[in-house]
Amino acid sequence: MKIIAGNWKMNGTRTNLENMINELSSINTENTIILCVPYTMLNVKSDKIAIGAQDISQHTHGAYTGEVSAQMVADAGAKYTIIGHSECRQYHGDTNDTVRTKAEQALANGLTPIICVGETMDEKQAGKTMTIIESGVRESIPLDTKSPIIIAYEPRWAIGAGLTPTHDEIATAHTLIANTLTDMGLTGTPVLYGASVKGSNAAEIMSIPNVDGVLVGGASLKSDEFIPIITSVK
Ligand code: 13P
């Protein structure tokens, strides 16, 4: 059983989500399906698909115009939230420290955080991939975490680029993350791979040891691209 999560980013409408839920309702799968959608769609209901947000505020409440708290997201019906996505790190200045604070907010409000880590192209070319991944994991997870969390390894240079790391690069990154989590006393934490996942590469990626599922961007927006990913593994 794998976790197949979609990240709709700033795309779609409530009708699009309702249609997607309808189309996914007939597929036969034991995999966990999560759709992380814009805030405006968080109260769309589904028995089969869990709904998640894409980010939350690091604050509980107050004068933070435009921000949405973990409590509000949970109140709207979400069960998950992505935190520290590459685009939030790039455009909103999220750091491992803010990601950890947001993860604390998520856990305090009963949300499962999907914490993203991954290296940029500059970091990759400077030979820093392993350091960035390990520090991302160690610094972004709240200390003494007991509640479930999910980690997503998203090589930032590969997102939306149609590029994927090699099989060995994914295997090495996921082994490092698994070992780091064990060292931190976290067992049973699923680790997803994300960046340019599609129907044609999903099964191979999810056959790599320590890859517990995928976080899918563009290919999660249309059912004819998303369903083959969900059904590519048991
Ligand atoms: P793509 O699948 O479009 O590369 O996006 C990946 C991603 O950012 C998922 O969070």
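Both ligands and their constituent atoms are indexed starting at 1 by order of listing. Sequential numbering from 1 along the given sequence is applied to the chain's residues. Because only heavy atoms are used, hydrogens play no part in the values below, and waters and symmetry mates are left out as well, while side chains stay in.
At the top of the distance list for atom 9 (C) of ligand 1, counting protein heavy atoms only, stands E154 OE2, 2.9 Å. Here the heavy atom of the protein found nearest to atom 3 (O) of ligand 1 is G218 N, 2.9 Å. Here the protein heavy atom with the shortest distance to atom 6 (C) of ligand 1 is G217 N, 3.7 Å.
Electrostatic pairing of R89 and E154 does not count as a salt bridge here, judged by no charged N lying under 4.0 Å from a carboxylate O.
Ligand 1 lies less than 4.0 angstrom from a heavy atom belonging to K9.
The side-chain heavy atoms of T60 and Q71, taken from C-beta on, include no pair separated by under 4.5 Å.
Ring geometry for Y153 versus H174: interplanar angle over 60°, hence perpendicular rather than tilted (30 to 60°).
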Check step by step if side chain to side chain contact (heavy atoms under 4.5 Å, CB included) holds for M130 and E134. CA-CA 6 Å; M130 294 295 118; E134 182 169 348; over 6 Å; no
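Any N or O atom pair closer than 3.5 Å counts here, and A195 shares no such pair with ligand 1.
Numbered from 1 in the order shown, with element, the atoms of ligand 1 that lie under 4.0 Å from a heavy atom of L215 read 9 (C), 10 (O).
Scored by the salt bridge (charged side-chain N to carboxylate O under 4.0 Å, His left out) test, K9 finds E87 as partners (sequence neighbours excluded).
The closest non-hydrogen atom to atom 1 (P) of ligand 1, taken over G194, S196, A5, comes from S196.
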Side-chain atoms of residues 101-108: list all donor-acceptor pairs with protein atoms under 3.5 Å, sequence neighbours left out, distances to 0.1 Å.
from, atom 1, to, atom 2, distance (Å)
T101, OG1, D97, O, 3.0
K102, NZ, D55, OD1, 3.0
K102, NZ, D55, OD2, 3.3
K102, NZ, I56, O, 3.3
K102, NZ, D94, OD1, 3.3
K102, NZ, D94, OD2, 3.0
Q105, NE2, Q58, O, 3.3

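Of all the heavy atoms of I159, the ones lying under 4.0 Å from any atom of ligand 1 are found in both the backbone and the side chain.
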